[in-house]
Amino acid sequence: MENKYSLPQRYSLRDLGVSGGMGDILSCVDSHLDRKVIIKILKNNEEERRLLDEQKALLKLRSKHVVQLYDIIDIVAGGKTKTGLVLEFIEGSDLEFNIEESVEDKLKKLWQIACGLNDIHSAGIIHRDIKPSNIRLDENNIIKILDFGLARTSGDDASTHSVIGTLGYMAPELWKRRNIHFDSSIDVYAFGVVAFDLFGIDKPDELYEQPPAPVKQSFLSREFSKFLPSDLVTVLSSCLSYDKSQRPTMESVKDIIAKHLLKNKHRALFVLNNKIYELNARKKDVAVTWGGGSQMKIEYDGFDFKITSFSGDVTVNNQPVTLNKKFPSCSVITLINGSSRTFVTFDISRPEVMS
């Protein structure tokens, strides 16, 4: 194995790897921290300074679902100094369709991708090349978004003079002849296409036209509804909107996916007259009576807890009851019987999606 690079002393070469879009990719060991790392060598061209500036933004980004940039170093090759990016080493495999995988497991992956993209966008970065080969599932089933070779910082100056990206994942606004301005919504579009890959949906021909044509709503509804409820069909379809202003944020996408992953996993508990009441996926409603025939019915719909009917005098957090309004995480229900009041604490456990 010929090593043409002179690395800083703390890094020892494991494998020369391959050449990528940025330049050569080296597999190394960081002896100071005893961990494997990837070092990407930037090519010497007019784009190097721009690319280096964009990569520096990643130094501040910390996300469970985004490959971490540890350091930027100088490397000597053939008597010339080049820039190297020291990146997290991730064992695993690229994202791919698995016919044996459940819909819930696919949704968990999609949620992790959405979380990573939300973190990227929150850091003011646009990835620009979201596709399955840039998304890796590590040994612990954690999704990691990779390869920021096309990344740009967001803002009014996010533009390019040429069509750059991967055919089939590029938003239509990227296909102008010159002065192409873009924002994070191009990643949202690519995310919608990745959903096709994850669920094994044959991608429509419209995506491969240059520029891509609008994808028919009838196709999106028909294909996504084979696996998903209507509100998830709507949000994934909107990711592929031809009009970028109609695409959702990745924050809203991750939140609605999380909502469905947590369906029927909540629990509510309260005590009245020394009797414990619990609502959950197995016990979805309870009727409470007090005073001279006053009654209230609370129901769990798999997502939220709501009062669906009542008679008599009752308040929630000192406010009049609104039918079918969801309870907050912790509430005090006041049951009123003439001059007497009974206070009931209504506690809800709201689990989080864990990756």
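This structure is a prediction, so every number in the text was calculated from the model and none was measured. What's counted below: heavy atoms across the whole structure, side chains too, no hydrogens, waters or symmetry copies.
- R128 has no carboxylate O lying under 4.0 Å from a charged side-chain N of D187, or vice versa, which leaves the two without a salt bridge.
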Start with the C-alpha gap between L240 and F196, add the side-chain angles, then the distance that decides, and say whether side chain to side chain contact (heavy atoms under 4.5 Å, CB included) holds. CA-CA 11 Å; L240 289 156; F196 288 150; 3.6 Å; yes
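- Inter-residue side-chain proximity for K108 and D105 is flagged as met; some heavy-atom pair is nearer than 4.5 Å.
- Contact annotation: the side chain of L117 never approaches that of V188 to less than 4.5 Å [non-hydrogen atoms, C-beta and beyond].
- For CG of L33, the number of neighbouring non-hydrogen atoms (other residues, nucleotides, ligands) closer than 6.0 Å is greater than 12.
- The two atoms that bring H260 and P229 nearest to each other are CE1-CG, 3.3 Å, heavy atoms only.
- No donor-acceptor pair under 3.5 Å is formed between the side chain of S294 and the backbone N or O of G291.
- In summary, of the residues considered (Y300, F305, F303, F346), a ring-ring contact (aromatic ring centres under 6.0 Å, His included) with F327 occurs for F346 alone.
- Remark: E91 engages K36 in a salt bridge, criterion side-chain N to carboxylate O under 4.0 Å.
- Using modelled atom types, one finds no donor on one side chain facing an acceptor on the other under 3.5 Å when comparing R341 with T334.
- A pairwise comparison of heavy atoms in A281 and N264 identifies CB-O, 3.3 Å as the closest pair.
- Between L262 and V353, the closest side-chain pair of non-hydrogen atoms falls below 4.5 Å.
- Checked for salt-bridge contact, E206 and K216 meet the test: a charged N lies under 4.0 Å from a carboxylate O.
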Would you please test I333 and T315 for side chain to side chain contact (heavy atoms under 4.5 Å, CB included) and show each step? CA-CA 6 Å; I333 303 171; T315 64; over 6 Å; no
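- Annotation for R282: atom CZ does not count as buried by contact number, only 12 or fewer foreign heavy atoms lying within 6.0 Å.
- By the 4.0 Å N-to-carboxylate-O rule, D197 lies close enough to K203 to be salt-bridged with it.
- At a cut-off of 3.5 Å, with distance as the only test, a side-chain donor of T249 or S252 sits close to an acceptor on the other residue.
- Atom CG of residue L69 and atom CD1 of residue I38 lie 13.0 Å apart, to the nearest 0.5 angstrom.
- When hydrophobic clusters are built by joining Ile, Leu, Val, Met, Phe, Trp and Tyr residues whose side-chain heavy atoms come closer than 4.5 Å, directly or via intermediates, F219 is grouped together with Y208.
- There is no path of hydrophobic side-chain contacts, each under 4.5 Å, that joins V29 to I41.
- The shortest side-chain heavy-atom distance between L207 and V193 falls under the 4.5 Å cut-off.
- The line from OG of S12 to CG of L26 is 11.5 Å long, rounded to the nearest 0.5 Å.
- Rounding to the nearest 0.5 angstrom, the gap separating the SG atom in C115 from the NZ atom in K64 is 9.5 Å.
- Criterion: ILVMFWY side-chain heavy atoms under 4.5 Å apart, direct or through other members. Under it, V271 and F343 are not part of a common hydrophobic cluster.
- N141 approaches Q112 most closely through the heavy-atom pair O-NE2, 3.4 Å.
- Comment: E173 engages R247 in a salt bridge, judged by a side-chain N to carboxylate O separation of less than 4.0 angstrom.
- R14 and S27 get closest at one heavy-atom pair: NH1-OG, 2.5 Å.
- Judged purely by atom type and a 3.5 angstrom limit, S238 uses its side chain to pair as donor or acceptor with the backbone of V235.
- A donor-acceptor contact shorter than 3.5 Å is absent between the side chain of K40 and the backbone of V86.
- Considering only heavy atoms from C-beta on, I145 comes within 4.5 Å of H127 through its side chain.
- In terms of modelled atom types and a separation under 3.5 Å, the side chain of D94 and the main chain of N134 share no donor-acceptor contact.
- Electrostatic pairing of E251 and K254 does not count as a salt bridge here, judged by no charged N lying under 4.0 Å from a carboxylate O.
- A donor-acceptor pair is defined here as one N or O able to donate and one able to accept, closer than 3.5 Å; such a pair exists between the side chain of R136 and the backbone of I90.
- K283 places a side-chain N or O within donor-acceptor distance of the main-chain N or O of D285, the cut-off being under 3.5 Å.
- No salt bridge links E88 with R35; every basic N to acidic carboxylate O contact stays at or beyond 4.0 Å.
- Hydrophobic clustering (ILVMFWY, side-chain heavy atoms < 4.5 Å, transitive): L58 and I142 are in distinct clusters.
- With hydrogens and angles ignored, the 3.5 Å screen pairs no side-chain donor or acceptor of W290 with any backbone N or O of N337.
- Considering all non-hydrogen atoms of both residues, L7 and C28 come closest at CD1-SG, 3.9 Å.
- In this structure, T345 and D347 have side chains that are in contact, with non-hydrogen atoms separated by less than 4.5 Å.
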Derivation and outcome, ring-ring contact (aromatic ring centres under 6.0 Å, His included), residues Y189 and Y169: CA-CA 7 Å; Y189 185 91; Y169 297 87; 9.3 Å; no
Stepwise side-chain hydrogen bond (donor to acceptor under 3.5 Å, both in side chains) test for S245 and D243: CA-CA 5 Å; S245 69; D243 179 355; 2.8 Å; yes
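- The CD atom of Q319 sits 7.0 Å away from atom NZ of K325, with the distance rounded to the nearest 0.5 Å.
- Remark: L110 CG to I257 CD1 distance equals 4.0 Å, nearest 0.5 Å.
- Using a cut-off of 4.0 Å between Lys/Arg side-chain N and Asp/Glu carboxylate O, E299 and K297 are scored as salt-bridged.
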Verdict with reasoning, I75 to T81, per side chain to side chain contact (heavy atoms under 4.5 Å, CB included): CA-CA 6 Å; I75 297 173; T81 300; over 6 Å; no
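- A donor-acceptor distance shorter than 3.5 angstrom exists from the side chain of D183 to the backbone of S185, with no hydrogens or angles considered.
- Residues R10 and D30 are paired through a salt bridge, judged by an N-O separation under 4.0 Å between the basic side chain and the carboxylate.
- The shortest non-hydrogen separation linking C239 to G192 is CB-CA, 4.1 Å.
- In this structure, the side chains of V286 and F270 come closer than 4.5 Å at one or more pairs of heavy atoms.
- Residue Y242 is not grouped with residue F182 when hydrophobic side chains (ILVMFWY) are merged at heavy-atom distances under 4.5 angstrom, including chains of intermediate members.
- In this structure, L228 and V103 have side chains that are in contact, with non-hydrogen atoms separated by less than 4.5 Å.
- Listed for the K284 side chain is no donor-acceptor partner under 3.5 Å among the backbone atoms of N280.
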Take I143 and L95 through the side chain to side chain contact (heavy atoms under 4.5 Å, CB included) test and state the conclusion after the steps. CA-CA 8 Å; I143 288 288; L95 188 74; 4.0 Å; yes
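- At least one donor-acceptor pair under 3.5 Å links the side chain of S63 to the backbone N or O of H65.
- A distance of 9.0 Å separates CE of M250 from CD1 of I130, quoted to the nearest 0.5 Å.
- With hydrogens and angles left out, the side-chain atoms of T166 and D129 include a donor and acceptor closer than 3.5 Å.
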